[in-house]
Amino acid sequence: MDMKSLYLLIALAPLAGSLIAGLFGWAIGRRASHVVTILGVAVSAALSLKVLSGFVTGQAEVFNGPVYTWLTVGGHEYSVGFLVDSLSALMLVVVTSVSLMVHIYTIGYMQEDPGYQRFFSYISLFTFSMLMLVMSNNFIQLFFGWEAVGLVSYLLIGFWFKRPTAIFANLKAFLVNRVGDFGFLLGIGLVLAYFGGSLDYADVFAAAPALADKTIQIIPGVEWSLMTATCILLFIGAMGKSAQFPLHVWLPDSMEGPTPVSALIHAATMVTAGLFMVSRMSPLFELSDVALNFIMISGTITALFMGFLGVIQNDVKRVIAYSTLSQLGYMTVALGASAYSLAMFHVMTHACCKALLFLGAGSVIMGMHHDQDMRNMGGLRKYMPITWITSLIGSLALIGTPLFSGFYSKDSIIEAVHASSLPFAGVAYWALVIGVFVTAFYSFRLYFLVFHGKERWMENHGAHHGHEGDHEDEEPTADHHHGLGPNDKPHESPWVVTLPLVLLAIPSLAVGYFAIEPLLYGGFFKDVIIVNHHAHPAMEELAHEFHGAGAMAVHALTTLPFWLALGGVATAWFFYMKAPHIPAAIKQKFAVIDRVLENKYYMDDLYFNLFAKGSRALGTLFWKVGDMLLIDGLMVNGTAKLVGVFSRLTRKLQTGFIYSYAASMIIGVLGLMTLWFAGIILR
């Protein structure tokens, strides 16, 4: 099999499974539907591993070529094409492996849902869309994959379409991403206009250095750097997809979709698209320090302030959702520090532990009969041992425990930002350091409330509401009743749920240790990610200080982030296991801050009142003044009324009497003669 056929098979295998399950699922049944979709993703995952192993061993060559040319204009061809190098190979493995785990998990989680075949079709289509984005070698195909993941996320978030909250959530995600995508499209427009008319990456990157100092006038009389404007507009697209402040508001509400959707969106697909895009565009972003500062500021705000929101959540999935937002902020700050390879390393380690945590949360929700309020849990360790130990591994990886995967990427990001020469790097560094404590606190607050302490499901029965799928007239989830009854006990999930947990726990525990040196310091991304080390020396300084994965873990025991993480865990244990009255007292003492956090910094209210209501008011103004008054009232109906008035006047001249017409003719002739004589006299 030649390489082009291999890459086509990687991309199209999930699409084939999706189409079969979506179009013929009613005929082939549930079992066949999940078999064909899992088989398609498994084929894609196996081939992706083969491709990645080739780049790791140095045997694979970069593939960059068209697959199908669909338009030729002015000597430029616009094609469906693939660019497969070390960066896309890494993303192929992350996307397909996490997607495969989610597919297997879904068999158990959605087993009684009437939309079973439809769900498998959607998640396979999601995987195909992300693969097309990752493998693209031009902006047109990138934009196709970009919009396709947005469309399928809309379908998945609103999968239970009889729930008003789900419809609100998917509409919110769709609209917020339209804002980001508009900026992204404008950025692509600047590339098309100024970079030689080609949208192929290779051509654009080759033309970029000559345009580094070029300016344009977006506003008449105001000069802008072309590179800065292009990069900021492209990053606005990433702000939408990767949920960066202020376009982050859709991601927590995406929890309205089934739990496998949360794992797929938050771990490996949609939210990583923006990060991948910026890393791919490193030859452009390296030419604009202003754009890099802009990226770092957005990431810093997201990393710290979204972490604060995770502290006050009681829904087990929403805590993990805000954790995702915060970690995406860490990755974005790494991009701003020109540590693109480090951002992609954290994408990989975070995908493993975050998929593990979401699927673990889904297992807990199943064990609790679809109650997802942490205040109703406690003591689940002895009832759900596999879920407990895998969730502990995921939490330890997330907070950056030495030797766990998340430690190597997260601590490296903090050090890279500390070494950055950008003006905002100092503020970003301390924000990320504070974020370490916050992450450890809310992660282990969840862990202790769910798996340790008193068994609260009986004493709180019916007191709190937080049930997935608990809405009238909705489609049922994997279980038809919600919350534990008086005689119920939690139970461990079936093997199709626990097997993906175990398989994801392994890379969450170990992949960082083995991958950090080849990925960051072994030239894995050489000639793929371009960094101006003279202007942005962060990665060079990290390489100089790196002495092996083991030495890094030992050294971490003396660093501030380690002790802050340990302090966060200890504080969570003391607050929720030993002195649960303290959090309640703090909440009461700082009621104003708590209200701000509960209302998510009033960002939703701002968007609703300013943009939603404002745009509706503007539309109403255009409708009533522009459409009804000017167009209908004045131009259309006004013209008709004017003709009517003129007709009524002329109708009075039509008397029907011959003498009236004769008199009119005589008067007309006299008038013409008068004008003729007047003309002779004036001459």
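Start at 1 with the first residue, then count along the sequence.
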Colleague: What's the spacing between Ile530 CD1 and Arg280 CZ if we round to 0.5 Å?
Modeller: 10.5 Å
Colleague: Using every non-hydrogen atom in the two residues, find where Met306 and Ser326 come nearest and quote the distance to one decimal.
Modeller: CB-N, 4.2 Å
Colleague: Please check if the side chain of Gln244 supplies one atom and the backbone of Ser242 the other of a donor-acceptor pair under 3.5 Å.
Modeller: yes
Colleague: Do you see a donor-acceptor pair shorter than 3.5 Å between the side chains of Tyr340 and Glu286?
Modeller: yes
Colleague: Between Gly17 and Thr37, what is the shortest heavy-atom contact and its length?
Modeller: O-CG2, 3.3 Å
Colleague: Under 3.5 Å, is there a donor on one side chain and an acceptor on the other for Ser18 and Ser124?
Modeller: no
Colleague: Any chance you could lay out the side-chain hydrogen bond (donor to acceptor under 3.5 Å, both in side chains) test for Ser409 and Thr349, step after step, and finish with the verdict?
Modeller: CA-CA 7 Å; Ser409 53; Thr349 61; 2.7 Å; yes
Colleague: Do Phe63 and Tyr7 have ring centres separated by under 6.0 Å?
Modeller: yes
Colleague: Within the 4.5 Å heavy-atom criterion, are Arg163 and Ile167 side-chain neighbours or not?
Modeller: no
Colleague: Just checking, any donor-acceptor pair under 3.5 angstrom between side chains of Thr127 and Ser99?
Modeller: yes
Colleague: Could you tell me whether a side-chain N or O of Thr228 sits under 3.5 Å from a main-chain N or O of Trp224, the two making a donor and an acceptor?
Modeller: no
Colleague: At what distance, to the nearest 0.5 angstrom, does CG of Leu52 lie from CG of Leu47?
Modeller: 12.5 Å
Colleague: Could you measure the distance from the CG atom of Leu156 to the CZ atom of Arg118? Nearest 0.5 Å is fine.
Modeller: 9.5 Å
Colleague: Checking Phe276 against Val347 for the side-chain contact (heavy atoms from CB on, under 4.5 Å) test, could you report, in this order, the C-alpha distance in whole Å, the side-chain angles of both residues, the deciding distance, and whether it holds?
Modeller: CA-CA 9 Å; Phe276 168 80; Val347 165; over 6 Å; no
Colleague: Which side-chain N or O atoms in residues 183-201 pair as donor and acceptor under 3.5 Å with protein atoms at least two apart or in another chain?
Modeller:
from, atom 1, to, atom 2, distance (Å)
Ser198, OG, Asp200, N, 3.2
Ser198, OG, Asp203, OD2, 2.8
Tyr201, OH, Ser136, OG, 3.0

Colleague: Met539 vs Ser341, test: side-chain contact (heavy atoms from CB on, under 4.5 Å). Steps then yes/no.
Modeller: CA-CA 9 Å; Met539 288 306 297; Ser341 57; 3.7 Å; yes
Colleague: Please check if the distance between the ring centroids of Phe305 and Phe308 is under 6.0 Å.
Modeller: yes
Colleague: Evaluate the criterion salt bridge (Lys or Arg N to Asp or Glu O under 4.0 Å) for residue pair Asp253 and Arg318; output intermediate values, then yes/no.
Modeller: CA-CA 8 Å; Asp253 287 356; Arg318 284 187 176 267; 3.5 Å; yes
Colleague: Can you find a pair of side-chain heavy atoms, one from Val43 and one from Leu9, that are under 4.5 Å apart?
Modeller: yes
Colleague: Pairs of donor and acceptor atoms involving the side chains of residues 144-152, under 3.5 Å and at least two apart or interchain, shall be tabulated with distances.
Modeller:
from, atom 1, to, atom 2, distance (Å)
Trp146, NE1, Asp181, OD1, 2.9
Glu147, OE1, Arg178, NH2, 2.9

Colleague: Is a side-chain donor or acceptor of Asn170 paired with a backbone partner of Tyr154 at a separation under 3.5 angstrom?
Modeller: yes
Colleague: So, Thr106 side chain and Val102 main chain: donor-acceptor pair closer than 3.5 Å or not?
Modeller: yes
Colleague: I need the minimum non-hydrogen distance between Leu335 and Ser279, along with the two atoms involved.
Modeller: CD2-OG, 3.5 Å
Colleague: Kindly determine whether Val319 and Asp315 satisfy side-chain contact (heavy atoms from CB on, under 4.5 Å), including the steps that lead there.
Modeller: CA-CA 6 Å; Val319 175; Asp315 184 306; over 6 Å; no
Colleague: Can you tell if the side chain of Met348 reaches within under 4.5 Å of the side chain of Phe345, non-hydrogen atoms only?
Modeller: yes
Colleague: Would the distance check show the side chain of Lys410 and the main-chain N or O of Gly400 forming a donor-acceptor pair, the cut-off being under 3.5 Å?
Modeller: no
Colleague: List the atom of Ser79, the atom of Gln141, and the distance in Å for their closest heavy-atom pair.
Modeller: O-OE1, 4.4 Å
Colleague: Residues two or more places apart in sequence or in another chain: which of them pass ring pair (Phe, Tyr, Trp, His ring centres under 6.0 Å) with Phe424?
Modeller: none
Colleague: How about Phe174: does its CZ atom have over 12 heavy atoms from other parts shown lying under 6.0 Å from it?
Modeller: no
Colleague: Checking side-chain contact (heavy atoms from CB on, under 4.5 Å) between Leu432 and each of Val417, Leu304, Thr300, which is the one that passes?
Modeller: Val417
Colleague: If I take atom OG1 from residue Thr302 and atom CE from residue Met331, how far apart are they, to the nearest 0.5 angstrom?
Modeller: 12.0 Å
Colleague: Please say which of Leu15, Leu133, Ile123 ends up in a side-chain contact (heavy atoms from CB on, under 4.5 Å) with Phe128.
Modeller: Leu15
Colleague: Nearest 0.5 Å, what's the CE-CG distance between Met227 and Leu211?
Modeller: 5.5 Å
Colleague: Please answer whether the main-chain N or O of Met296 pairs with a side-chain N or O of Asn293 as donor and acceptor at a distance below 3.5 Å.
Modeller: no
Colleague: Can you find a heavy atom in the side chain of Leu8 that is under 4.5 Å from one in the side chain of Phe82?
Modeller: yes
Colleague: With heavy-atom distances below 4.5 Å as the criterion, would you say the side chains of Ile399 and Val436 are in contact?
Modeller: no
Colleague: Would one find more than 12 heavy atoms of other residues, nucleotides or ligands at under 6.0 Å from atom OH of Tyr521?
Modeller: yes
Colleague: Search all heavy atoms of Phe285 against all heavy atoms of Ala291 and return the closest pair with its distance.
Modeller: CD2-CB, 4.4 Å
Colleague: Quick one: does Leu247's side chain get under 4.5 Å of Lys241's, heavy atoms only?
Modeller: no
Colleague: Do Met281 and Leu142 make a side-chain contact, defined as non-hydrogen atoms from C-beta onward lying under 4.5 Å apart?
Modeller: yes
Colleague: Within the 4.5 Å heavy-atom criterion, are Thr259 and Tyr105 side-chain neighbours or not?
Modeller: yes
Colleague: Is there a donor-acceptor contact under 3.5 Å from the side chain of Ser86 to the main chain of Phe524?
Modeller: yes
Colleague: So Met603 and His248, side-chain contact (heavy atoms from CB on, under 4.5 Å) or not? Walk me through it.
Modeller: CA-CA 10 Å; Met603 290 296 294; His248 65 279; 4.2 Å; yes
Colleague: To the closest 0.5 Å, what do you measure between CD1 (Ile20) and OG (Ser33)?
Modeller: 9.5 Å
Colleague: Taking all heavy atoms of Leu87 and all of Met344, pick out the closest pair and write down the distance.
Modeller: CD1-CG, 3.7 Å
